[in-house]
**Q** 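Have a look at this one.
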Amino acid sequence: MRKSIFLSLLLSFWTILLWAQTLQSPDGNLKLNFELIEGHPTYQLTFKGKEVIKPSKLGLELKNKPSLTDGFSLKDSKLDSKNETWTPVWGEEKEIRNHYNELAVTLTQPETSRTLVIRFRLFDDGLGFRYEFPSQPNLAHFAIKEEKTQFAMAGDHTAFWIAGDYDTQEYDYTESKLSEIRPLMASAVTANLAQKPFSPTGIQTSLMMKTDDGLYINLHEAALIDYSTMHLNLDDKNMVFESWLTPDVLGDKGYLQTPSHSPWRTIIVSDDARKILASRMTYNLNEPSKIEDTSWIKPMKYVGVWWEMITGKSSWAYTDEFPAVRIGETDFSKAKPNGKHGATTANVKKYIDFAAEHGFDGVLVEGWNVGWEDWFGNSKDFVFDFLTPYPDFDLVGIRDYAKSKGVEMVMHHETSSSVRNYERFMDEAYKFMKDNGYNAVKSGYVGFILPRGENHYSQWIVNHYQYALEKAAEYKIMVNAHEAVRPTGIGRTYPNLIGNESARGTEYQAFGGSKPNHVTVLPFTRLIGGPMDYTPGVFEMDISKINPQNNSWVNSTLANQLALYVTMYSPLQMAADLPENYDRFPDAFQFIKDVALDWDESRYLEAEPGYYLTIARKEKGASNWFVGNVNGTSERVSNINFDFLDAGKTYIATIYSDAKDAHYRNNPQAYNIRKVVVTSKSKLSQMSAPGGGYAISLKEASKEEIKGLKKL
């Protein structure tokens, strides 16, 4: 009897081993456990012995087909690993290490004769996993009803979140416990030109959390290709997030055919917030560049005819006479100009002159093309042709004038979310750009999507953004897409995607303002997937001084605006303010002129999401370093050392800091500039005002150059 019981227990033990699979990160700190529990695929994740993800179910429900959630048996499991280094076209460092251990489990569903592969990659900084659907007779084409991926939290964590929405990410972040999301949702959903919240506990990725015992956890996705965008819906009784895909007009959440796979679901983990910022896992889960010759992809610093329209000083539209416009038929040559149009030949030439004088690469012009009189809110299909300039914009003359000044023009394509219309003109519009010397385009998707009923983040529209990006690559055009889906590391595969908006950018400072700590959250959330065209560099915080009818206020100090060029990484950076405001503060403007766009190395010196961060970066191919610090709502003293500098070398540090009485609301333009001598042994203690910060440029100097300067 005892022998029988022993054999039974032994058999049960080996059965558990058969179904349970474990995987460790290369450094051993992260541990993944995968098992089938009564046919349900389930995973669990720990970091240094602490629970990150409690046992969580995996799978998908299909439309009009048996689900892929249960009834599975383990057919096979394979282990693999990779340790390589790759070179990005642009980035926060010149080389990125891709080091992971992999577990791929092949599951069969005997009742349906179907196969599902779940692939896990465990890095030192987190976990990525995805569903793979091999080619098979019983699963050739299918529609997703729901993806049932769970992320079971180990506690009621503090989260930095924005409301789940099918059409916009342009919300301020809310800091709260997970249990407080439901009561705070109504106040978190603020007005937008297109929005569709879906749940009182639905939120968006990238989601940043902090546990009570000091773990930082980030949930996101990587390599979003031919799939619907993932949100997270919280079961706030059990603290379990479940994936929530963006539906199409029919309510379906994706159409696939085998072989295919989902995007990666990502969990970045550390007990040090700086390591969240340093993670490159999202890029590593994307494919290498598919653009062989990338020599034409170059970082850009630009100015533009934009902020004057955003603030209401100028208009995109040429005339007020036409309540409705028919592209190709309405005769603008006979219309009376409204006197407010921003994209005039004379005005654009002023920006070109300013760019040439101060060493900027390009000038963006919005409102140059016909159709802005009725572009928004009319559900209009044929809204722009992307080819025809207004009568007061001499496109050829501007092209030649910019070329004579050594300045590139940046094209603007607002689609008004009429996706079919943009695809109708895309080849012709891109060719038009190249014929006229435009190598970069800012595209926009303001308003509700046409075709009607589609959403900004559903599969079909995600595929449109990808189509536009790949088509642009054919013409050697760089893309900066606004109102498009938030990036998921696609910039590795298609590095012509040099920028996205896809979050609440600087423009909202002219629409009533953003929270003063907003820029201390974005690097932990939105920027996890790729660079943001945040359009920093505003020096005049009182918008009524630009437009008396607009009483908005930019909730930032001037020093904070300078720091953003370092903390908000992007190979595409705009000096957003009006030239005359830079002329008022030429000493501070010098930092914007000096700061680099591309980097050999980045060091994350201090970080706490929502409160502060300090980043140092080394200019690509040069010895110069730049430091940026942005601060939250309370005054703080930042303490850093300069051990990232080369030992034995001497540098002149130009420090642009908040003055003692600076404050984002009461005294934002109070700043100090001082030069000091620093080495790798130097230390700095620097006050940052509420909504403030500081910026530092560090240039290697000779003994002659440092004479008379104080040593830090």
Side-chain angles (χ1 to χ4, degrees), residues 85 87-96 274 277-278 298-301 357-361 536-537 558-571 573 575 585-607 613-630 638-658 671-686 688 693-712:
T85 300
T87 302
V89 176
W90 41 257
E92 296 174 73
E93 54 269 301
K94 62 181 177 183
E95 292 183 333
I96 293 177
R274 296 175 298 175
L277 298 176
K298 298 177 181 179
M300 289 188 70
K301 195 183 295 182
E357 179 185 354
H358 295 287
F360 284 80
D361 302 299
L558 192 150
N560 176 286
Q561 289 290 310
L562 298 180
L564 295 175
Y565 290 91
V566 181
T567 63
M568 295 287 289
Y569 168 69
S570 179
Q573 291 283 18
F585 305 98
D587 53 353
F589 185 52
Q590 187 63 44
F591 181 83
I592 298 178
K593 294 164 61 175
D594 290 342
V595 68
L597 293 168
D598 207 11
W599 310 102
D600 271 343
E601 186 178 351
S602 293
R603 297 285 188 94
Y604 303 90
L605 308 181
E606 303 176 299
L613 59 96
T614 309
I615 300 174
R617 305 192 196 271
K618 186 179 183 183
E619 182 177 351
K620 181 166 282 188
S623 61
N624 303 325
W625 283 80
F626 296 87
V627 179
N629 164 275
V630 289
S638 168
N639 292 291
I640 64 170
N641 61 56
F642 292 87
D643 58 1
F644 52 85
L645 297 174
D646 290 342
K649 292 184 177 181
T650 302
Y651 298 78
I652 294 176
T654 306
I655 303 173
Y656 303 77
S657 63
D658 293 320
Y671 64 91
N672 294 318
I673 301 175
R674 67 187 193 276
K675 290 181 183 287
V676 293
V677 177
V678 299
T679 68
S680 61
K681 297 180 181 179
S682 300
K683 296 181 180 181
L684 173 69
S685 181
Q686 180 63 55
S688 290
Y694 60 85
I696 308 174
S697 67
L698 294 144
K699 298 186 178 182
E700 193 175 345
S702 65
K703 290 182 179 180
E704 286 297 317
E705 291 172 314
I706 65 174
K707 281 184 178 179
L709 293 178
K710 181 180 178 182
K711 187 174 182 180
L712 190 65

**Q** Heavy-atom distance under 4.5 Å between the side chains of W599 and K620, does that happen here?
**A**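 W599 does not reach K620 side chain to side chain.
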**Q** Does the side chain to side chain contact (heavy atoms under 4.5 Å, CB included) test come out yes or no for L645 and T679, once each step is laid out?
**A** CA-CA 7 Å; L645 297 174; T679 68; 5.9 Å; no
**Q** Quick one: which of I655, L698, L684 gives a side chain to side chain contact (heavy atoms under 4.5 Å, CB included) with V627?
**A**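 Of I655, L698, L684, side chain to side chain contact (heavy atoms under 4.5 Å, CB included) with V627 is met by L698 alone.
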**Q** Should I696 and F642 count as side-chain neighbours, where that means a heavy-atom distance under 4.5 Å?
**A**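 A side-chain contact exists here, since the closest heavy-atom pair is under 4.5 Å.
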**Q** Does the plane of the ring in F360 sit parallel, tilted or perpendicular to the ring in F589? Use 30° and 60° as the thresholds.
**A**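 Judged by the thresholds at 30° and 60°, the geometry between F360 and F589 is parallel.
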**Q** Might you point out which heavy atoms bring A607 and R274 nearest each other, and give the distance in Å?
**A** CB-CG, 3.8 Å
**Q** Can you see which heavy atom on V566 is nearest to which on I615, and at what distance?
**A** CG1-O, 3.5 Å
**Q** At what distance, to the nearest 0.5 angstrom, does OG of S682 lie from CD1 of I640?
**A** 10.0 Å
**Q** So with a 6.0 Å cut-off around NZ of K593, is the heavy-atom count from everything else above 12?
**A**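 Yes, enclosed.
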**Q** Which pair of non-hydrogen atoms, one from T567 and one from R617, has the smallest distance, and what is that distance?
**A**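 Closest approach of T567 to R617, heavy atoms only: O-NH2, 4.0 Å.
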**Q** Please tell me if the side chains of N629 and Q686 come closer than 4.5 Å, counting only heavy atoms from C-beta onward.
**A**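 With C-beta onward as the side chain, the pair stays apart.
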**Q** Would you give the length of the straight line joining atom NZ of K675 to atom CD1 of I706, rounded to the nearest 0.5 angstrom?
**A**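 Taking NZ in K675 and CD1 in I706, the distance rounds to 13.5 Å.
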**Q** Looking at every heavy atom in both D658 and G693, which two are closest together, and how far apart are they?
**A** OD2-N, 2.8 Å
**Q** Applying side chain to side chain donor-acceptor pair (under 3.5 Å) between N624 and each of E700, E619, K699, report the one that passes.
**A** E619
**Q** List the atom of S688, the atom of Y694, and the distance in Å for their closest heavy-atom pair.
**A** OG-CD2, 3.6 Å
**Q** Can you tell me how far CZ of R603 sits from CG of D643, rounded to the nearest 0.5 angstrom?
**A** 6.5 Å
**Q** Nearest 0.5 Å, please: how far is CZ in F626 from CG in L597?
**A** 9.5 Å
**Q** Would you check if S685 and N639 make a side-chain contact, meaning some heavy-atom pair closer than 4.5 Å?
**A** yes
**Q** Measure the spacing between CD of E95 and CD of E601 and express it to the nearest 0.5 Å.
**A**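 It comes to 11.0 Å.
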**Q** Testing the basics here: between A695 and F591, what is the closest heavy-atom pair and its distance to 0.1 Å?
**A**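 A695 and F591 have their closest heavy atoms at CB-CZ, 3.6 Å.
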**Q** Please name all residues satisfying side-chain contact (heavy atoms from CB on, under 4.5 Å) with I673, sequence neighbours left out, ordered by chain then number.
**A**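 Partners of I673 under the side-chain contact (heavy atoms from CB on, under 4.5 Å) test: D587, T654, Y656, Y671.
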**Q** Can you name the salt bridge (Lys or Arg N to Asp or Glu O under 4.0 Å) partners of E606, sequence neighbours left out?
**A** R636
**Q** Heavy atoms, side chains only, cut-off 4.5 Å: are S680 and K649 in contact?
**A** no
**Q** First locate atom CG of L605, then atom OG of S638, and finally report the distance between them rounded to the nearest 0.5 Å.
**A**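 OG of S638 is found 8.0 Å from CG of L605.
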**Q** For a 4.5 angstrom cut-off between non-hydrogen side-chain atoms, does V595 reach K301?
**A** yes
**Q** Does any part of the side chain of D598, heavy atoms only, come nearer than 4.5 Å to the side chain of P571, both counted from C-beta?
**A** no
**Q** Could you go step by step and tell me if S697 and D594 meet the side chain to side chain donor-acceptor pair (under 3.5 Å) rule?
**A** CA-CA 8 Å; S697 67; D594 290 342; 5.0 Å; no
**Q** Assess whether ring pair (Phe, Tyr, Trp, His ring centres under 6.0 Å) is satisfied between Y651 and W625, documenting all intermediate values.
**A** CA-CA 9 Å; Y651 298 78; W625 283 80; 8.3 Å; no
**Q** Quick check: does any side chain N or O of E93 sit under 3.5 Å from a backbone N or O of P88, one acting as donor and the other as acceptor?
**A** no
